[in-house]
K.L.:
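Let me begin by handing over the structure; questions about it come next.
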Amino acid sequence: MLNYFREMQEARFATSERRIYGYGSAGIVIAVMALVFAVLAPKWIFWTTFAVFCVLDAFLTRTWISEGALQAYRGGQPG
């Protein structure tokens, strides 16, 4: 299990585009949370945003892990 968590972390931060995605999605969730705390948005908007980003993150992370494993199997050759 620890191996899987390590692979997930490595996959999320492997490229600068992935890091930008991670920080951007966290920023959006935090901004929506701030709007809810300021009573400018209903709670369901936060929970919907949070759920969407959790599902998207899980899907993208699994895709990135698969791509990384396939690339490692092929010896680092792209495609």
K.L.:
Give a yes or no on whether Ile28 and Leu60 share a hydrophobic cluster (residues Ile, Leu, Val, Met, Phe, Trp, Tyr; joining criterion: side-chain heavy atoms under 4.5 Å apart).
P.N.:
yes

K.L.:
Within the supplied structure, the quantity of interest is the number of heavy atoms (other residues, nucleotides, ligands) at a distance under 6.0 Å from Glu10 CD; does it exceed 12?
P.N.:
yes

K.L.:
Would you say Phe59 and Ile65 are hydrophobically clustered, going by side-chain heavy atoms of ILVMFWY under 4.5 Å?
P.N.:
no

K.L.:
Tell me which pairs pass salt bridge (charged side-chain N to carboxylate O under 4.0 Å, His left out) where either residue lies in residues 42-63, with sequence neighbours left out.
P.N.:
Arg12-Asp57

K.L.:
At what distance, to the nearest 0.5 angstrom, does OG1 of Thr15 lie from CH2 of Trp64?
P.N.:
7.0 Å

K.L.:
Would Leu35 and Val52 show up in the same hydrophobic cluster when neighbours are defined by side-chain heavy atoms closer than 4.5 Å?
P.N.:
no

K.L.:
For the residue pair Phe13 and Tyr23, categorise the inter-ring angle as parallel (less than 30°), tilted (30 to 60°) or perpendicular (more than 60°).
P.N.:
tilted

K.L.:
Look at Arg18 together with Glu67 and state whether they make a salt bridge at an N to O cut-off of under 4.0 Å.
P.N.:
yes

K.L.:
Taking salt bridge (Lys or Arg N to Asp or Glu O under 4.0 Å) as the test, write out the residues that go with Glu7, two or more places apart.
P.N.:
none

K.L.:
Shared ILVMFWY cluster between Ile30 and Phe46, side chains joined below 4.5 angstrom?
P.N.:
no

K.L.:
Could you label the plane-to-plane angle of the Phe50 and Trp47 rings as parallel, tilted or perpendicular, counting under 30° as parallel and over 60° as perpendicular?
P.N.:
perpendicular

K.L.:
Check for a donor-acceptor pair, side chain of Thr61 on one end and backbone N or O of Ala58 on the other, with a separation under 3.5 Å.
P.N.:
no

K.L.:
Taking the side chain as every heavy atom from C-beta outward, state whether Val36 and Ile45 have any atom pair closer than 4.5 Å.
P.N.:
no

K.L.:
Look at the side-chain heavy atoms of Ile, Leu, Val, Met, Phe, Trp and Tyr, link any pair under 4.5 Å apart, and say whether Met33 and Trp44 land in one connected group.
P.N.:
yes

K.L.:
Taking atom OH of Tyr21 and atom CZ of Phe53, what is their separation to the nearest 0.5 Å?
P.N.:
6.5 Å

